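Because the structure is predicted, anything quoted here is derived from the model rather than measured. The sequence lines fix the lettering, A, B, ..., with proteins before strands; numbering per chain opens at 1.
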Number of protein chains: 2
Amino acid sequence: MNVDPADGADGADRGDRADAGDTGQRSTEERIMEATFRALLEHGYCDLSIANIAEEFEMSKSSLYYHYDSKDDLLVAFLRFAAKRFEETTLSRPPSDPMADLEHLVEKLLPLEQRAEQREIQTVMSELRSQSVTNAAFREEFSDIDDLLVATIRDIVERGIEDGSFREVDSTRVAEHVVATLNGARAARATTNRETAPAAVRVSLASYLDTTLRGRR
Amino acid sequence: MNVDPADGADGADRGDRADAGDTGQRSTEERIMEATFRALLEHGYCDLSIANIAEEFEMSKSSLYYHYDSKDDLLVAFLRFAAKRFEETTLSRPPSDPMADLEHLVEKLLPLEQRAEQREIQTVMSELRSQSVTNAAFREEFSDIDDLLVATIRDIVERGIEDGSFREVDSTRVAEHVVATLNGARAARATTNRETAPAAVRVSLASYLDTTLRGRR
DNA sequence: GTCTATATTCTGATAGAC
DNA sequence: GTCTATCAGAATATAGAC
């Protein structure tokens with residue numbers, strides 16, 4: 001199984017079109033990733049088959065085997081694709097006031113009202129994450145994702161401590177708490193009908209951050 | 001699909017041995033549930049097959065179809081079995097001091113050191129929960145489980161408010177926060193290699209409860 | 001690069017003997 | 001209640017034409 005991040009597609013890639021994106025055309029690999037995304041939304045991870053993906057791809061099954069050596073290979077590539085999309089749609093923006101940054105991140109990760117696109121990527125990530133229980137490559141990827149989330153929040157908290165707007169808390173501990181709470185609430189949204197839970201957590205989390213970081217009550 | 005909680009096994013049950021457990025013998029249905037548990041641990045939900053289960057059961061595949069109408073039927077029965085086991089091993093104990101009760105519940109749900117049996121049931125529940133994304137019956141069950149967890153914590157908090165040991169907080173909001181945080185940390189344990197995360201969350205959660213419920217810092 | 005056709009294995013499920 | 005034998009369909013993957 002190929003998990004080298006430097007290799008965009010996989011070992012079966014013939015090496016042409018080394019860097020797409022400059023043209024308006026999407027590469028075949030990108031189109032396969034998009035097709036996999038749709039197939040995963042429609043069928044779920046367990047019922048995801050090469051036939052499903054080929055259907056969304058609107059090409060034959062055997063075409064997929066030209067671009068990827070195996071189903072496993074394709075899915076590992078897709079995991080990286082989905083993780084990248086997740087990070088792009090939730091992280092990274094110019095830094096401003098630390099508390100505003102925290103609130104912005106919370107809103108990105110657990111929006112009060114979810115747009116369809118965002119709900120879809122969350123659903124897919126939720127399906128993929130559960131595979132980490134039995135799949136080591138997936139487990140590595142989600143370890144990295146959570147590490148990145150914790151590091152992002154920890155950095156914001158430390159910035160707030162340095163500029164004097166936050167109290168001197170254990171930034172890692174606070175970051176771990178926030179990530180666990182957000183992940184739990186996001187899981188609730190993906191796996192239960194408890195529709196009021198995310199809003200309650202949002203309110204409680206805002207209160208927690210205000211109390212913990214600014215000492216208010 | 002049969003989801004009637006009053007019907008212990010399923011529609012295919014012939015009705016004999018209406019109430020096992022009085023004898024030392026485990027019923028065939030119980031043995032099938034145990035076999036499913038082991039097969040699920042070994043193969044994961046996606047690769048779980050009737051053949052896998054029969055192997056652990058040490059009987060033929062067709063025997064399973066005598067006791068359950070279909071694979072779906074068996075899995076819904078297993079979901080109820082696993083949920084019951086989860087609740088038995090984590091909830092319910094004689095009430096004592098509210099803060100001690102909360103700490104006890106947190107330790108049960110997110111133990112600092114996990115015994116093998118407890119890790120196994122958590123792993124299986126994690127696998128099952130992810131199926132809620134695409135399976136309505138599973139989604140209902142996990143909505144009920146989270147409802148029960150929130151209600152349990154809310155009741156403890158309200159008891160603490162009544163006896164004067166806790167401040168007058170929004171008990172539902174606090175309970176939702178704690179459940180989300182615990183579920184997130186439990187998911188991290190099941191789906192990542194971030195081994196220090198649960199302990200960090202435990203410390204932060206204890207601090208959160210002390211600050212929120214008793215106004216200390 | 002993409003296709004059709006096919007090999008092979010495994011799946012859930014059933015028939016019928018005991 | 002449990003077994004063996006078997007079915008029909010779907011799964012991953014490959015061969016070879018174009």
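- Rounded to whole angstrom, the span from the NZ atom of A:Lys71 across to the P atom of C:dC10 amounts to 15 Å.
- Phosphate proximity of C:dG1 to A:Ser63: absent, as no side-chain N or O sits under 4.0 Å from OP1 or OP2.
- The nearest whole Å value for the distance from the CG atom in A:Asp47 to the P atom in D:dG9 is 18 Å.
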Salt bridge (charged side-chain N to carboxylate O under 4.0 Å, His left out) between A:Glu176 and B:Arg194, worked out:
CA-CA 11 Å; A:Glu176 290 282 3; B:Arg194 306 184 68 256; 2.7 Å; yes

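- The backbone N or O of B:Ser49 sits less than 3.5 Å from a side-chain atom of B:Asn52, completing a donor-acceptor pair.
- Ranking C:dC3, D:dA11, D:dT2 by closeness to the A:Met59 side chain, first place goes to C:dC3.
- Distance from the side chain of B:Tyr66 is smallest for D:dG1 among the nucleotides D:dG1, C:dT11, D:dA13.
- In this structure, the side chain of B:Arg38 engages the main chain of B:Glu56 through a donor-acceptor pair within 3.5 Å.
- Going from atom CD1 of A:Ile50 over to atom P of D:dG9 covers 22 Å, rounded to whole Å.
- With rounding to whole Å, B:Leu48 atom CG is found 16 Å from C:dC10 atom P.
- At least one donor-acceptor pair under 3.5 Å links the side chain of B:Arg139 to the backbone N or O of A:Ala190.
- Rounding to whole angstrom units, OH of residue A:Tyr68 and P of D:dT14 are separated by 17 Å.
- Heavy atoms of B:Ser62 sit under 4.0 angstrom from at least one base atom.
- Remark: P of C:dA13 and CG of B:Leu74 are 10 Å apart, rounded to the nearest angstrom.
- Across the interface with DNA chain D, nearest-nucleotide mapping of B:Lys61 and B:Phe57 shows B:Phe57 to be the residue nearer the 5′ end.
- With distances taken from any side-chain atom of A:Tyr65 to the nucleotides D:dT14, C:dT11, D:dT2, the minimum falls on D:dT14.
- In this structure, the CG atom of A:Asn52 is 13 Å from the C1' atom of D:dT12, given to the nearest Å.
- With D:dC3, C:dT4, C:dA13 as the candidates, the nucleotide lying closest to the side chain of B:Ser60 is D:dC3.
- Without hydrogens or angle criteria, B:Arg173 side chain to A:Val201 main chain gives no donor-acceptor distance under 3.5 Å.
- With distances taken from any side-chain atom of B:His67 to the nucleotides D:dG1, D:dA13, C:dT2, the minimum falls on D:dG1.
- Between B:Leu64 atom CG and C:dT14 atom P there is a gap of 13 Å when expressed in whole angstrom units.
- Out of D:dG1, C:dT11, D:dA13, the shortest distance to the side chain of A:Ser70 is found at D:dA13.
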